[in-house]
Amino acid sequence: GVFGGGINANDPGNGGNNANNQTDAAEPGLYDAGNGEAVYVYEDGAKAYFPKEWRYGQSLKFRGEGFKTKDGQSGSVIAVKLNGGSLAPKQEATFEGKKGNSAGVWLYIQADANGNFTAELPMPTTENSSLTEAIKNGDKVSINLLTGAMKKGDTARGGEAAEITIVGADNANHGGG
């Protein structure tokens, strides 16, 4: 499947990129970043930071560092999907007026020249998404960040970057509906 076995570090001995060698220590994967955050580290050293909890009714703020094109000269374009694209927005996002080549994109982010970005994602509801019933406490939403499709020469990244638990939903005392 998509989340195939183990992590393949293609070439563990390639620490020659001393421009940002602070990332060389971390193998790709998901780590605890402290302060209620998790960080996903990509093979090229890009990092995405997410809160571990998504408060019901609020937008989700997250950020990234080092999301650059292959030549390192400009920022990547990041497509954001939820639950691998199965939790889709009613209104597909566009980038520079164009839809991407895959459905289910909530937003496109243009990272700055250093590969950094901050972004905000609306809480999925029955009104703005493919959900048929409201999200509840304890539900988990996975966030997928995809790069490489929307910009020539961009670094290819994908997979699940975070799984975030919904908190603060008022679903404790709803009767039947």
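Note that the structure is a prediction, hence the values are computed from the model and not measured. Any value given below was found using the heavy atoms of this structure, including those in side chains, with hydrogens, waters and symmetry copies removed.
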Between [X] and [Y], do the side chains contain an N or O donor and an N or O acceptor separated by less than 3.5 Å?
X: K152; Y: T69; result: no
X: T155; Y: K70; result: no
X: S86; Y: K81; result: no

Next on the checklist: Quick check: do I143 and Y40 have side-chain heavy atoms less than 4.5 Å from each other?
Outcome noted: no
Item to check | Side-chain heavy-atom pair L107, I109 within 4.5 angstrom cut-off | outcome: yes
Checklist entry - So, Y49 versus F62, ring centres under 6.0 angstrom or not? => result no
Next on the checklist: Taking I78 as the starting point, is it possible to reach L121 by hopping between hydrophobic residues whose side chains are less than 4.5 Å apart?
Outcome noted: yes
Checklist entry - Is V141 reachable from Y56 through a run of I, L, V, M, F, W or Y residues, each pair having side-chain heavy atoms under 4.5 Å apart? => result yes
Checklist outcome for this item: Excluding V105, membership of its hydrophobic cluster (Ile, Leu, Val, Met, Phe, Trp, Tyr; side-chain heavy atoms within less than 4.5 Å) reads V77, F95, Y108, M150
Item to check | Heavy atoms of other groups near N35 CG, more than 12 under 6.0 Å | outcome: no
Next on the checklist: Test of understanding: with side-chain hydrogen bond (donor to acceptor under 3.5 Å, both in side chains), list the residues that count as partners of R55, not counting sequence neighbours.
Outcome noted: none
Answer yes when [X] and [Y] have at least one side-chain N-carboxylate O distance shorter than 4.0 Å, and no when they do not.
X: D44; Y: R157; value: yes
X: D32; Y: K52; value: yes
X: E37; Y: R63; value: yes

Checklist outcome for this item: Contacts satisfying salt bridge (Lys or Arg N to Asp or Glu O under 4.0 Å) that involve residues 102-121 (not counting sequence neighbours) are K61-E120
